[in-house]
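I have placed the structure first, in the form of structure tokens, so that the comments after it can refer back to it.
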Protein chains: 2
Amino acid sequence: MKIRDLTYFSKLASLKNFTAVADYFSVRQPTITMAVKRLEREFDTTLVLRDQSHQSILITPSGHQLLKHAHRIIDEVELTNLDMAALNQEQVRFGLPPIIGHYFFPKAASRLAQAGLLSQLAVTETGSGELLTALEDGKLDIALLGSTHSLNNSLLNATLLAKHHFKIIVSPKSHLASQQKIAFQDLHDEKFIMQTEDFVHPTAFGALNKFSFINPNIIYKTGDITLLKNLVHENVGIGFLTETALTPQDELVSLALTDSFQPEFLISLVFRQSQLPSATQKKVIDILIQALRTDSYHQ
Amino acid sequence: MKIRDLTYFSKLASLKNFTAVADYFSVRQPTITMAVKRLEREFDTTLVLRDQSHQSILITPSGHQLLKHAHRIIDEVELTNLDMAALNQEQVRFGLPPIIGHYFFPKAASRLAQAGLLSQLAVTETGSGELLTALEDGKLDIALLGSTHSLNNSLLNATLLAKHHFKIIVSPKSHLASQQKIAFQDLHDEKFIMQTEDFVHPTAFGALNKFSFINPNIIYKTGDITLLKNLVHENVGIGFLTETALTPQDELVSLALTDSFQPEFLISLVFRQSQLPSATQKKVIDILIQALRTDSYHQ
DNA sequence: TGTTCTTATAAATTTATTTTATCACAGCTG
DNA sequence: CAGCTGTGATAAAATAAATTTATAAGAACA
């Protein structure tokens with residue numbers, strides 16, 4: 001099996017025309033015919049039906065099976081090229097979601113600056129979900145990500161840096177302001193200012209709703225945490241926010257949840273299992289872990 | 001990049017000797033030298049240091065990076081070969097853990113037999129964890145698996161068939177036998193008969209311990225559910241068991257847990273994302289889903 | 001019916017890989 | 001220290017494989 005044959009075949013499946021595939025790769029048409037024949041001979045099967053009224057080709061079930069693997073192999077080959085190229089690079093492509101970037105990452109910034117590494121970071125700032133995809137696609141080297149579940153899997157290496165709690169935040173003027181803690185189900189009649197879907201907050205909020213059998217009113221959604229805090233401060237509604245983002249300057253009251261089941265805001269340092277960190281990357285990773293890891297999660 | 005060069009290089013990394021690799025693949029030694037050179041030229045880097053006191057070779061950091069990808073690519077190629085070969089086969093390699101096999105799968109067996117498919121199943125019966133690995137390694141086509149968390153990921157396609165509850169089972173002679181339900185933390189002084197680690201029960205039990213801040217005494221572990229039931233029946237201890245495995249014939253009392261957080265026993269039909277089911281496999285999958293899926297989980 | 005668009009085939013060509021033969025180097029050993 | 005052994009590199013020759021060129025064959029379509 002040749003990688004090149006797989007790319008020819010994969011393109012054939014999408015273009016459905018031998019000549020077009022040949023043009024695409026700047027080769028002659030019989031090259032594509034031969035490539036498909038090689039694969040068909042190797043696996044002793046028919047991958048493509050060509051006679052079918054001659055309008056277009058048809059991929060057989062065996063063909064579809066091979067395509068599934070072909071895509072995985074081609075993707076891995078692309079990642080290989082990206083990673084091998086990135087190896088000689090000094091720049092570290094770094095993903096940072098807004099909350100973690102504003103309230104958590106700064107604790108490590110001075111140590112990175114000391115080591116002369118802050119300037120090497122090419123930072124992408126967007127939601128954790130998007131960063132996760134970029135990481136998996138080889139577009140980022142390292143990211144700090146927020147999540148409710150562990151991100152460790154066969155693709156990604158995730159080091160847990162901190163587990164933060166989600167809090168209920170209310171205005172000092174709110175009727176809840178005198179309390180220190182509250183059960184989530186007691187909030188069923190409250191109006192919430194919620195984060196947009198690129199935050200993990202709506203997911204955690206949904207899980208709490210499910211477990212408490214309530215469904216409070218969300219009156220406004222925003223991706224701007226400062227705006228959210230201001231709206232809560234003005235008592236327009238109450239908020240649901242990880243303690244990560246809370247500072248004394250907010251002039252907000254935060255209530256702990258008393259529920260035994262609680263989603264947590266996990267902050268992890270994530271990189272691909274398949275990417276061996278470069279020297280620079282290794283330094284960044286070490287400093288971030290040292291500076292940001294909460295003691296209780298040292299292993 | 002050629003797959004063959006990657007396999008040569010990968011073997012070189014483990015054997016650490018060009019000549020030995022050549023012998024392994026029944027080619028001459030310069031072939032290996034050339035293969036490594038091709039890769040080094042393609043990625044414009046040094047992958048292997050050969051002069052180092054001439055005792056053994058040394059893989060450079062770039063070499064290690066390439067190795068990581070090489071292994072992933074080689075694994076995928078192996079899976080491809082397995083899947084393409086399995087495509088023409090009538091036999092379906094089917095994984096079935098003991099509890100699901102005894103208490104849950106029989107509901108589908110008659111319909112499989114009707115369709116003449118029961119005899120096509122090559123059944124492997126072992127713990128869910130082992131079956132999961134076998135599935136990922138391409139040694140199984142389909143499995144029914146028990147788990148506490150969803151098994152869906154980038155490798156596996158999992159269809160949820162049922163969510164069962166974990167119950168506390170006690171002897172009719174037990175002092176708990178008059179109750180219908182109980183909070184887990186009230187069991188802190190009880191003695192438990194527990195399943196061995198190849199079951200999901202110890203994991204779920206551990207999660208409940210953690211949430212309830214208790215740590216009950218486990219006096220015996222067994223992989224034999226009938227023995228476990230007998231021991232509980234004789235009031236040697238109490239048990240923690242998915243309702244899947246409970247039948248009226250057991251003469252046991254089962255108590256529901258009242259906790260708001262409860263792990264669940266998920267039963268899923270699982271196969272690899274990358275394996276396109278053969279005609280026979282498709283039939284088996286359809287019948288299993290139709291016969292076993294609990295109504296509330298139709299999508 | 002001839003034109004066009006398609007893929008297949010076969011021979012020639014080009015490119016790539018492997019082998020053969022040999023060299024160079026280092027570590028051991030008598 | 002000379003000679004043996006085991007290691008990998010190199011260059012030319014041989015082999016193998018992929019691609020191109022040129023052409024055929026089939027179907028759709030005007």
Side-chain angles (χ1 to χ4, degrees), chain A residues 1-60 62-64 66-67 70 73-74 77 80-81, chain B residues 1-60 62-63 66-67 70 73-74 77 81:
Chain A
M1 187 162 57
K2 301 266 155 55
I3 293 168
R4 177 166 311 168
D5 288 349
L6 293 180
T7 61
Y8 288 161
F9 176 56
S10 164
K11 204 73 195 175
L12 177 63
S14 56
L15 295 183
K16 302 204 170 300
N17 179 309
F18 283 69
T19 317
V21 175
D23 289 348
Y24 182 89
F25 290 107
S26 305
V27 294
R28 307 295 166 196
Q29 170 263 314
T31 303
I32 311 304
T33 301
M34 289 302 166
V36 175
K37 275 201 158 181
R38 277 195 292 273
L39 291 170
E40 292 188 325
R41 186 145 27 84
E42 171 167 2
F43 296 118
D44 189 28
T45 186
T46 305
L47 298 171
V48 179
L49 297 177
R50 306 132 222 246
D51 286 17
Q52 289 279 123
S53 85
H54 236 272
Q55 301 284 39
S56 171
I57 62 158
L58 212 79
I59 305 289
T60 65
S62 323
H64 281 292
L66 182 59
L67 269 182
I73 292 171
I74 292 166
V77 168
T80 308
N81 289 324
Chain B
M1 186 162 57
K2 300 265 155 56
I3 292 167
R4 175 165 311 166
D5 288 348
L6 292 179
T7 62
Y8 288 162
F9 176 57
S10 164
K11 205 72 195 173
L12 177 63
S14 55
L15 296 183
K16 303 205 170 299
N17 178 311
F18 283 70
T19 317
V21 175
D23 289 349
Y24 182 90
F25 289 107
S26 305
V27 294
R28 307 295 166 196
Q29 169 262 315
T31 304
I32 310 304
T33 301
M34 289 300 162
V36 174
K37 276 200 158 183
R38 277 194 293 273
L39 291 170
E40 292 188 324
R41 187 146 25 86
E42 171 167 2
F43 296 118
D44 189 26
T45 185
T46 305
L47 298 170
V48 179
L49 298 178
R50 306 130 221 244
D51 285 18
Q52 289 279 125
S53 83
H54 235 270
Q55 301 286 39
S56 172
I57 61 158
L58 213 79
I59 306 289
T60 65
S62 323
L66 183 58
L67 270 183
I73 292 171
I74 293 166
V77 168
N81 290 324

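Letters A, B, ... are given to chains in the order of the sequence lines, protein chains preceding strands, and every chain is numbered from 1. Quick caveat, the model's predicted, so the values are computed rather than measured. Side chains included, hydrogens not; waters and symmetry mates left out as well; all remaining heavy atoms used.
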For B:T45, all residues meeting side-chain hydrogen bond (donor to acceptor under 3.5 Å, both in side chains), sequence neighbours excluded: B:S62
Would you mind reading off the distance between B:R41 atom CZ and D:dA9 atom P, rounded to a whole angstrom? 14 Å
Give the rounded distance in Å between these two atoms: CZ of B:R28 and P of D:dG8. 16 Å
Between A:K37 and C:dT7, is there a side-chain N or O to OP1/OP2 distance below 4.0 Å? no
From CD of B:E40 across to P of D:dG8 the rounded distance in Å is 14 Å
Contacting residues from residues 16-27 of chain B, given that a heavy atom lies under 4.0 angstrom of DNA chain D: B:N17, B:F18, B:T19
May I have the distance from B:Q29 (atom CD) to D:dT7 (atom P), rounded to whole angstrom? 10 Å
Would you indicate whether the side-chain heavy atoms of A:T80 and B:L66 approach each other to under 4.5 Å? yes
Sequence neighbours left out, what pairs pass salt bridge (charged side-chain N to carboxylate O under 4.0 Å, His left out) with at least one residue falling in residues 6-23 of chain A? none
Integer-rounded Å distance: C:dA8 P and A:R50 CZ: 5 Å
For nucleotides 10-17 of chain C, print each protein N/O atom paired with a nucleotide N/O atom at under 3.5 Å, atom names and distance only.
unit_1: C:dT17; atom_1: OP1; unit_2: B:K2; atom_2: NZ; d: 2.8

For B:L6 versus B:A70, what's the shortest heavy-atom pair and its separation? CD2-CB, 4.1 Å
Can you tell me the distance, in whole Å, between the CD1 atom of B:I57 and the C1' atom of D:dG6? 15 Å
Would you mind writing out the side-chain donor-acceptor pairs for residues 31-44 of chain A within the sub-3.5 Å range, not counting sequence neighbours?
unit_1: A:T31; atom_1: OG1; unit_2: A:R28; atom_2: O; d: 3.1
unit_1: A:T33; atom_1: OG1; unit_2: A:Q29; atom_2: NE2; d: 3.0
unit_1: A:R38; atom_1: NE; unit_2: A:D5; atom_2: OD2; d: 2.8
unit_1: A:R38; atom_1: NH2; unit_2: A:D5; atom_2: OD1; d: 2.8
unit_1: A:E40; atom_1: OE1; unit_2: A:R50; atom_2: NH2; d: 2.8
unit_1: A:E40; atom_1: OE2; unit_2: A:L47; atom_2: N; d: 2.7
unit_1: A:E40; atom_1: OE2; unit_2: A:V48; atom_2: N; d: 3.3
unit_1: A:E40; atom_1: OE2; unit_2: A:R50; atom_2: NH2; d: 2.7
unit_1: A:E42; atom_1: OE1; unit_2: A:M1; atom_2: N; d: 2.9
unit_1: A:E42; atom_1: OE2; unit_2: A:M1; atom_2: N; d: 3.2

Check the distance between D:dT7's P and B:L58's CG and give it to me in whole angstrom. 17 Å
What pairs meet the ring-ring contact (aromatic ring centres under 6.0 Å, His included) rule with one or both residues in residues 13-40 of chain A, with sequence neighbours excluded? A:Y8-A:F25
Heavy-atom pair with the smallest gap, counting every atom of A:V77 and B:I73: CG2-CD1, 3.9 Å
What's the spacing between A:T7 OG1 and A:L12 CG if we round to 0.5 Å? 11.0 Å
Quick check for you: to the nearest 0.5 Å, what is the distance between B:L49 atom CG and B:T60 atom OG1? 6.0 Å
